[in-house]
Amino acid sequence: MDNFGSVFKTGANEGKEKHVPVITAPSSVKADEFFEVTVRVGDEIPHPNTIEHHIKWIQVYAKDGDGRVVHVGTFDLGPTYADPKVTFPMKLAKTSTVYAIEYCNIHGLWENAVEVSVD
């Protein structure tokens, strides 16, 4: 039986892909100070947002160097009216990997990650 992680797709699956969550965050931040993170779905190709084909939600997690994983937020999106892009403040105490996961109602779960160093 596969583990749940095996159902996630990444940019490696299809190259330039409209489903990969693109994370924009500073590469370095100060400990315990808020900074802005933006997650948008799709890079060069925008993702459709119709009743038939849309991004339902985006989730963000942070994993620090000790292996602790924290759920940062879940952003529920509606078809047609919502753009699959979210911007929010977050803070970190230690250098961490920030993960974004999104769910497309047709193409399933997609993930991406960036590292943010803490000074």
Minimum heavy-atom distance between [X] and [Y], given as atom pair plus value:
X	Y	value
A31	A93	CB-O, 4.0 Å
H19	C104	NE2-SG, 3.4 Å
A100	P21	O-CG, 3.6 Å
W110	T10	CZ3-O, 3.4 Å

Pairing residues for S6 by the side-chain contact (heavy atoms from CB on, under 4.5 Å) criterion, not counting sequence neighbours: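 By the side-chain contact (heavy atoms from CB on, under 4.5 Å) rule, S6 matches D2, N3.
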
Set of side-chain contact (heavy atoms from CB on, under 4.5 Å) partners for E115, sequence neighbours left out: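 For E115 the side-chain contact (heavy atoms from CB on, under 4.5 Å) partners, ignoring immediate neighbours, are T95, T97, S117.
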
In chain order, what residues pass the side-chain hydrogen bond (donor to acceptor under 3.5 Å, both in side chains) check against H54, with sequence neighbours excluded?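 H54: no side-chain hydrogen bond (donor to acceptor under 3.5 Å, both in side chains) contacts found.
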
By side-chain hydrogen bond (donor to acceptor under 3.5 Å, both in side chains) - contacts of Y99 (at least two apart):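 None.
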
Who else is in the cluster with M90 when I, L, V, M, F, W and Y are joined by side-chain contacts under 4.5 Å?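 I23, V29, F35, V37, V39, V41, I55, I58, V60, V72, F75, L77, V86, F88, L92, V98, V114, V116, V118, which link up through side-chain heavy atoms under 4.5 Å apart, make up the rest of the cluster.
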
CA sep, side-chain torsions, deciding dist, call: H53, H107, side chain to side chain contact (heavy atoms under 4.5 Å, CB included): CA-CA 9 Å; H53 187 192; H107 299 105; 3.3 Å; yes

Report the distance from atom OH of Y61 to atom CD1 of I101, rounding to the nearest 0.5 Å.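 These two atoms lie 5.5 Å from each other.
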
I need the Q59 CD to T74 OG1 distance, nearest 0.5 Å.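 Reported value, rounded in 0.5 Å steps: 4.0 Å.
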
Listing request: all salt bridge (charged side-chain N to carboxylate O under 4.0 Å, His left out) pairs with a residue in residues 51-66, at least two apart in sequence or in separate chains.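 Sorted result for residues 51-66: K56-D76, D64-R68, D66-K94.
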
Hey, are the side chains of K91 and E33 touching, using non-hydrogen atoms and a 4.5 Å cut-off?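 They are not in contact (no side-chain heavy atoms under 4.5 Å apart), so the answer is no.
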
Is there a side-chain contact between N49 and D83 in this structure, where contact means two heavy atoms from C-beta onward sitting under 4.5 Å apart?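 Side chain of N49 against side chain of D83, heavy atoms only: no contact under 4.5 Å found.
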
Any link between V7 and W57 through a network of hydrophobic side chains (Ile, Leu, Val, Met, Phe, Trp, Tyr) touching at under 4.5 Å?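 Result: yes, single cluster for both.
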
